[in-house]
Amino acid sequence: MYVCVNITSEKPSIDKLTEELLKNTDRTTGAVATFIGFVKGVVDGKKVYKLIYSAYEPYASKSLEKIAYEEAEKHGLKGVIIIHRIGELFPGDPTIYILVAAKSRHEAFTGVRNILERVKHESYIYKLEIREDGEYWVLGDGKRIQRFKEQSP
Amino acid sequence: MYVCVNITSEKPSIDKLTEELLKNTDRTTGAVATFIGFVKGVVDGKKVYKLIYSAYEPYASKSLEKIAYEEAEKHGLKGVIIIHRIGELFPGDPTIYILVAAKSRHEAFTGVRNILERVKHESYIYKLEIREDGEYWVLGDGKRIQRFKEQSP
Amino acid sequence: MIIKVKAFSVFTDILGKELVLEISDRENISLSEFIDLLAKKYSGLSKLLETIEYVILVNGERVEEEHLLRDGDEVAILPPASGGL
Amino acid sequence: MIIKVKAFSVFTDILGKELVLEISDRENISLSEFIDLLAKKYSGLSKLLETIEYVILVNGERVEEEHLLRDGDEVAILPPASGGL
């Protein structure tokens, strides 16, 4: 079972990640399912200027590893890669990459979906949304609190 | 709605396909779900040497386009790319790429799964499996008939 | 009247990938009559058509058995697809 | 005794990203006593802790409220995660 996680400001190559996954799994891998999240340019009808992601390291990376191993075990996955980007990201920028290798398409799809849901809730990664109508901390799956302390200039 | 299909012997770049999808969809795209199929090195416990895919063109491409448009309509997808490779493919080689762009992860996952199932059944694309125990035509989702006419040398 | 036949997958074992038939002894021929004619000419085809599911297309379209073929038509004989993976 | 506090997301509005507290007037302090002390020092923290769900970790682990902090411990105050997309 191959697991690789990374929290980084860099933008990775999906081709290289896919090759890495294939190289590190055995010859019975028939399916790779991938999810990529992108910064949306509009949320709740408001223009989004950028997102700022921050992570509580090293525990955020450890949480991603835990999710990857547990889901791989549960669904018989052959390989899992999770890359989460942090820092300033702009509309159209990719935020997260989840790649899952499995013998069949069913395992791969189930694996990638479950991993994404768990990353959203268990990852110690946090999002600030900078929009035309203010700055919002995003808590959990959609709750927003307006930022009440201006960042020092 | 952006649709691109291609039946080719070439191996495409997933990074380029993903960029193409983002470039051709609007700013509310938040999710891209991707499926890539690979030639397995072992099937039914037998070593696989190679697969030979053939397509009935131009109707195979038309069938992929039909599937892409219909599923995009049905699930509110923003973009669909389907690339199917033909010719000789060896273990570890990618055979099919399906990329789906949507506003949310749920639409993207549902879209890519449904498109894959339909491609398997409605695409006028055919597979010959060259294995250590003979050559098999694959019919539908797993039925195999041993080839009874040797290819001329 | 010239009819082109395209075969795929297991049907190529019997018919080859492509063949061109000239029908000279009659004015017109329905799709089912044409398939019967093929089956007489190529042994093994009848048995295969009884054994597996198949689709026959004329110029890429599904048509009725009684559909009359025209000069230059392309008839394709296809087993269940196996694209995807 | 030195305790490092790390705040994330909405908690940084009150605490900043990181602060270091020196507890000199007592031998030991439980996690809940420490959070009470923080709440006295930083107005708005109590209200926020009542308003939203949160997790407090000590050196990356979930611990009981009565857990006694030790010199050099890192206490993190975290709202619900919002990674992914």
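Here is the naming used below: chain letters follow the sequence lines, and residue numbers restart at 1 for every chain. Keep in mind that this is a model prediction, so the values were computed, not measured.
- There is no contact between A/Y136 and chain D, counting heavy-atom distances below 4.5 Å.
- In summary, A/E70 and A/K66 engage in a salt bridge, as defined by a charged side-chain N under 4.0 Å from a carboxylate O.
- In this structure, CH2 on A/W137 lies 5.5 Å from CG on D/D13, to the nearest 0.5 angstrom.
- For A/A55, the part sitting under 4.5 Å from any heavy atom of chain D is the backbone (N, CA, C, O) and nothing else.
- Salt bridge status for A/D44 with A/K46: absent, with no side-chain N to carboxylate O gap under 4.0 Å.
- Considering CD1 of D/I23 and CG of D/N28, their distance stands at 11.0 Å, rounded to 0.5 Å.
- Comment: A/R147 engages A/E135 in a salt bridge, judged by a side-chain N to carboxylate O separation of less than 4.0 angstrom.
- Looking at A/K143, the atoms closer than 4.5 Å to chain D (heavy atoms on both sides) all sit in the side chain, from C-beta outward.
- Under the ring-ring contact (aromatic ring centres under 6.0 Å, His included) criterion, A/Y56 pairs with A/Y59, D/F8, sequence neighbours left out.
- In terms of non-hydrogen atom pairs under 4.5 Å with chain D, the most contact-rich of A/H121, A/K120, A/E117 is A/K120.
- Put simply, CG on A/N114 and NZ on A/K74 are 6.0 Å apart, with the number rounded to the nearest 0.5 Å.
- Qualifying salt bridge (Lys or Arg N to Asp or Glu O under 4.0 Å) partners for A/E71, counting only residues two or more places apart in sequence or in other chains: A/R118.
- Looking at A/L116, the atoms closer than 4.5 Å to chain D (heavy atoms on both sides) all sit in the side chain, from C-beta outward.
- Between chain D and the options A/G140, A/S123, A/S54, heavy-atom pairs under 4.5 Å are most frequent for A/G140.
- Inspection of non-hydrogen atoms places D/E74, D/A76, D/L78, D/P79 of residues 70-79 of chain D under 4.5 Å from chain A.
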With a 3.5 Å cut-off and sequence neighbours excluded, list the donor-acceptor pairs that the side chains of residues 79-86 of chain A form with protein atoms.
| unit_1 | atom_1 | unit_2 | atom_2 | d |
| --- | --- | --- | --- | --- |
| A/H84 | NE2 | D/G84 | N | 2.9 |
| A/R85 | NE | A/E10 | O | 3.0 |
| A/R85 | NH1 | A/P94 | O | 2.9 |
| A/R85 | NH2 | A/S9 | O | 3.2 |

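- Ranked by heavy-atom pairs shorter than 4.5 Å toward chain A, the options D/V55, D/V10, D/L57 are led by D/V10.
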